[in-house]
Number of protein chains: 2
Amino acid sequence: MITNHASESSSGAPSRPRSADDLVWRALSDPSRRLILDRLRERPHTTGELCRYFESTRFAVMKHLKLLEAAGLVLVERRGRERFNHINPVPIQEIYRRWIRPFEALPADRLLRIKRLAEAREEKE
Amino acid sequence: MITNHASESSSGAPSRPRSADDLVWRALSDPSRRLILDRLRERPHTTGELCRYFESTRFAVMKHLKLLEAAGLVLVERRGRERFNHINPVPIQEIYRRWIRPFEALPADRLLRIKRLAEAREEKE
DNA sequence: CAGATATGTGACCATTTGGTCACATGATAA
DNA sequence: TTATCATGTGACCAAATGGTCACATATCTG
C-alpha cells in the first residue's frame with residue numbers, strides 16, 4: 001500500500017529566505033494591508049493618519065507598514081517627526097505581468113470544459 | 001504621552017469568516033500553491049501527478065488543493081479513483097479587475113515623486 | 001476475490017503571523 | 001525648556017498555517 005511518506009527528515013516549514021516576489025504576495029495576502037494600500041492609492045498618509053482607519057492599535061499598523069515596505073510596496077518619506085507612506089505600484093505591476101497575465105490566455109476548448117465543471121459544481125449546492 | 005492602546009477588550013485575531021476575495025488572496029500567497037497553479041495552467045493534473053513536482057508529501061499537496069478548491073481557483077473532476085484538478089482562471093481575473101488594475105492609474109506627478117523616493121532608497125543601500 | 005493504486009480524514013506538531021503592551025527616542029510647540 | 005506628539009523597538013501571546021503520519025475507503029487489475 002503506497003501512501004507517499006517523507007523520504008528526507010523534515011518537519012514543519014524550513015523558513016527559506018523568501019524571494020522578492022514572495023514578499024509581495026505575502027504582503028498582499030492580508031486584508032488590513034490591502035486596506036492600507038487602498039488608502040495610499042488615494043494619497044500619501046502618515047502612519048498616524050492610517051491608524052484612524054483601523055480598529056487595531058498603532059503597533060499592528062506599524063508592523064503592517066514594515067512588511068509592506070520590505071516588499072517594496074510602500075516607500076517612506078521622513079519629514080520631521082512624521083513619516084509619510086507612499087504607495088509604489090511597481091511590484092504590483094510586476095506580479096501582474098509575470099504571473100497574472102499569463103492566466104488570461106487559455107485555449108477556448110479548455111475554457112468551455114472549465115465552465116461546464118463550474119456549472120456542475122454550482123448545481124451540487 | 002499618547003501611545004494608541006486598544007480601547008475594546010481584544011487579543012489576537014478573532015477569526016472572521018473570511019470573504020471570497022480573501023480566500024483567493026490567501027490561497028495565492030503560498031509559493032507551493034502558486035506552483036500548483038502554474039502546472040495546472042499547462043494542463044489538468046491528477047493529485048498524484050502534482051505530487052511528483054514537490055518535495056513535500058502527498059498530504060501537504062492535498063491540503064493545498066483543498067484550499068485552492070475552496071477559493072474557487074481549482075475545479076475538481078472525479079473520474080474513477082482519480083481526481084483531475086483543473087484551473088479556474090475566473091477568480092484571478094476578478095482580483096485583477098477589482099483590485100490590481102486600479103493601481104495602474106496614478107497621476108504622473110505622483111509617479112515622479114515615487115520614482116525619486118525609490119531612487120533615494122536605493123542609494124542608501 | 002486479492003492485491004495494488006489513488007485519494008481522503010483526523011490527530012498532532014513546530015513555526016509563522018497578527019496582535020498586544022511597556023518602554024524609548026526624536027521633533028515641535030507653548 | 002519642558003510637556004506633548006509621532007514614531008520606533010523588543011518581548012510576549014494566541015491563533016493560524018504548513019507540515020507530518022496512522023489509518024481508512026474506493027477503484028481498478030490480474
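Reckoned from all heavy atoms, side chains included, excluding hydrogens, waters and symmetry mates.
Where A:Arg78 and B:Thr47 meet DNA chain C, the nucleotide closest to each residue was compared, and B:Thr47 sits on the side nearer the 5' end. In this structure, A:His5 and B:Lys63 both approach DNA chain D, and ranking their closest nucleotides by distance from the 5' end singles out B:Lys63. Comparing A:Phe59 and A:Asn4 along DNA chain D, the residue whose closest nucleotide (by nearest heavy atom) sits nearer the 5' end is A:Phe59. Toward the 5' end of DNA chain C, the nearer of the two residues A:Arg81 and A:Arg58, judged by each one's closest nucleotide, is A:Arg58.
Side-chain N/O atoms of A:Arg33 include one lying less than 4.0 angstrom from OP1 or OP2 on C:dG18. In this model, the phosphate group of D:dA6 is not approached by any side-chain N or O of A:Arg52 to a distance below 4.0 Å at OP1 or OP2. The side chain of B:Arg83 contributes no N or O atom lying less than 4.0 Å from OP1 or OP2 of D:dT25. For C:dT17, neither phosphate oxygen OP1 nor OP2 lies less than 4.0 angstrom from any side-chain nitrogen or oxygen of A:His64. Contact check, B:Arg18 against D:dT17: a side-chain N or O comes under 4.0 Å of OP1 or OP2. Contact annotation: B:Thr57 side-chain N/O to D:dT20 OP1/OP2 distance is under 4.0 Å.
Computed from coordinates, the A:Asp30 CG to D:dA15 P distance equals 18 Å when rounded to whole Å. Rounded to whole angstrom, the span from the CD atom of A:Glu55 across to the P atom of C:dT20 amounts to 10 Å. Separating the CG atom of A:Leu65 from the C1' atom of D:dT9 is a distance of 15 Å, rounded to the nearest angstrom. The CG-C1' distance, from A:Leu35 to C:dG18, rounds to 15 Å in whole Å. Per the geometry, CG belonging to B:Leu67 stands 9 Å off C1' belonging to D:dT17, to the nearest Å. For A:Lys66 and C:dT20, the NZ to P distance is 16 Å, given to the nearest whole Å. When rounded to the nearest whole Å, the span between CG of A:Leu28 and P of C:dG18 equals 12 Å. For the pair B:Asn85 CG and C:dG8 C1', the interatomic distance rounds to 13 Å; values are reported in whole Å.
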Which atom pairs, donor and acceptor, lie under 3.5 Å between side-chain atoms of residues 59-66 of chain A and protein residues at least two apart or in another chain?
unit_1, atom_1, unit_2, atom_2, d
A:His64, ND1, A:Arg33, NH1, 3.1

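Other residues, nucleotides and ligands contribute over 12 non-hydrogen atoms within 6.0 Å of the CZ atom of A:Arg41.
In this structure, A:Asn4 contributes its side chain and B:Thr57 its backbone to no donor-acceptor pair below 3.5 Å.
B:Phe103 and B:Ile100 fall within the same hydrophobic cluster, defined by Ile, Leu, Val, Met, Phe, Trp and Tyr side-chain heavy atoms under 4.5 Å apart, directly or through other members.
Within the 4.0 angstrom heavy-atom criterion, no nucleotide atom of any strand lies near A:Arg79.
Aromatic ring orientation, A:Tyr53 versus A:His45: perpendicular (interplanar angle above 60°, classes split at 30° and 60°).
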